[in-house]
Amino acid sequence: MHDSTAAATSQIAAPNAAAVGASKPRAGRSANPRYAELYRRYPTIDYLRRRARQRLPHFAFEYCDGGSGKEDSGIKRNWAALDAVELVPRYGVMPSLPPCDIELFGRRYAAPIGIAPMGGPAIVWPGADLYLARAAQRARIPYTLGTVGCATIEEIAEAAPDVFWFQLYRAARNDHAIGFDLVRRAQAAGCHALVLTIDVPVRTTRAREVVVGLSGAFSPDLKMMLQMVMSPAWSLALRKNGIPRFSNLRAYVGANASINETVAFARREMGGAFTWEEIAKYRERWKGPLIVKGILHPQDAEKAISLGVDGMIVSNHGGRQIEALPAPIDALPAIVKQVGTRATVMMDSGIRSGTDVVRAYALGAAATFAGKAFLWGLGALGEEGPAHTIDLLIEETQAAFGQLGAHTPDEARSVVVRHRAALQF
Ligand SMILES: Cc1cc2nc3c(=O)[nH]c(=O)nc-3n(C[C@H](O)[C@H](O)[C@H](O)COP(=O)(O)O)c2cc1C
């Protein structure tokens, strides 16, 4: 056993002390009057996943649930790596369910939990982006709109003004004219943080998506139509919100562009990972907190810091690229150690419970993000799903801090952690 936390404790990024005067986020039992009933039926994220599998059209579930590699082995590695992290509590202190609000880049959020950027979430549940954004705003947790999300920057800025982050993919051929314009729009709309994704240098295969017919445009064939008919709640949501489309990009393809044209445009124009030189250019343009997403090596963290980034998300894209990538939780301690207080280190990939959140927090992550957990919530409960996913994660996070004897999140950083698979670089 070794105490990897002890080594990391003094290195953890100090939050920006100049907090914006936001009201204190809520903590504690959910304000949702339906919480008790939903909790009885779906007491954990795994129950939401099971229900989503039954309730969604098959193609929609496969889109959100699948990953790269043989039988999603990259996703399974992320889960197993988190499960393997053990936290040793200390007892004999007055127990409490501590508030778990935190500060990121000068803003207070209700918990060290955020919604990761996702492309095409409206395939999983029509209207997804706005439902996720509104729930994040109510709960006061970060919400990240994806470049290939299905709502516009301006719509999200209106729905989630206090918690809005924007993720950018690299434009493959257009000399960054589109990227720079998206950044200009995000800045004008009051977005708080810009996230540059660096971990999709090439396209890879997610077999479950290919087999259900989602490798190109969203143009339902007979099989998909039948699946929709078998999922009346999903079909109603489709009727209410319209066919999923990459709304942000329509401004560049032409207002009258068909869905297929927009998808073909996205496939043609978005691609490749940002180079360090390109990140430096975005640093010059973007005035707010700049975050790089997809870091797995301490030297890449070092390079990012040298270019002036404010934060990074240790991530393997939720196991959706290639299955050989290490689980981010295993790379986290070395990256936290390397970065120290020079930037804010966050983590995603595999988060399925508040206990996972606290595992990452104890190992030095300032916050964690989840993708699939929120999509499963949507799949199980539609519009109500994001709020229930947030409630579960916050309740479990508080319970895990309380179990460890921590009266504040930071006290959880002094527990002994057994983390045998921590990567040494
Ligand atoms: C359906 C889906 C679409 C995604 N699309 C994007 C995207 O457009 N941009 C991006 O940076 N990450 C994308 N991701 C990755 C997430 O931002 C995040 O890294 C990942 O979901 C975290 O792992 P988890 O799903 O195990 O929580 C996507 C993930 C999913 C599940």
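Starting from 1, each residue takes its place in the sequence as its number. Just so we're clear, the structure is a prediction, and the values are computed from it rather than from any experiment.
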State which residues pass side-chain contact (heavy atoms from CB on, under 4.5 Å) with Arg283; sequence neighbours excluded, sorted by chain then number.
Trp286, Leu290, Asp310
Test side-chain contact (heavy atoms from CB on, under 4.5 Å) applied to Arg51 - qualifying residues, sequence neighbours left out:
Tyr42, Gln54, Arg55, Ala380
Tell me every residue that passes ring-ring contact (aromatic ring centres under 6.0 Å, His included) with [X], counting only those two or more places apart in sequence or in another chain.
X	answer
Phe265	none
Phe180	His176, Tyr282
Tyr252	none

Whether the [X] and [Y] side chains hold a donor-acceptor pair (N or O, under 3.5 Å, no angle test) is what I'd like checked.
X	Y	value
Asn316	Ser349	yes
His407	Glu411	yes
His419	Asp330	yes
Asp65	Trp376	yes

Holding to side-chain hydrogen bond (donor to acceptor under 3.5 Å, both in side chains), I want the full list of residues that pass it with [X], two or more places apart in sequence or in another chain.
X	result
Lys240	Glu383
Arg320	Glu209
Arg184	Asp181
Arg359	Asp356

Between the side chain of [X] and the main-chain N/O of [Y], is any donor-acceptor distance below 3.5 Å?
X	Y	answer
Thr144	Phe166	no
Glu284	Lys281	no
His192	Pro161	yes

Do the ring centers of His388 and Tyr35 come within less than 6.0 Å of each other?
yes
Once you measure the plane-to-plane angle for Tyr361 and Phe401, does it fall in the parallel (<30°), tilted (30-60°) or perpendicular (>60°) bin?
perpendicular
Only pairs under 3.5 Å count here: list side-chain donor-acceptor contacts from residues 122-135, not counting sequence neighbours, and write none if there are none.
{"from": "Asp129", "atom 1": "OD1", "to": "Cys150", "atom 2": "N", "distance (Å)": "3.3"}
{"from": "Asp129", "atom 1": "OD2", "to": "Cys150", "atom 2": "N", "distance (Å)": "2.9"}
{"from": "Tyr131", "atom 1": "OH", "to": "Asn241", "atom 2": "ND2", "distance (Å)": "3.2"}

Tell me, yes or no, whether the heavy-atom count around Glu86 atom CD, taken from other residues, nucleotides or ligands under 6.0 Å, exceeds 12.
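Yes, the 6.0 Å shell around CD holds more than 12 heavy atoms from other groups.
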Keeping to residues at least two apart or across chains, list the side-chain hydrogen bond (donor to acceptor under 3.5 Å, both in side chains) pairs with something in residues 158-167.
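The answer is Tyr109-Trp165, Gln137-Asp162, Gln167-Thr197.
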Leu375 side chain near Met118 side chain, heavy-atom distance below 4.5 Å:
yes
What residues, two or more places apart in sequence or in another chain, satisfy salt bridge (Lys or Arg N to Asp or Glu O under 4.0 Å) together with Arg170?
Glu278
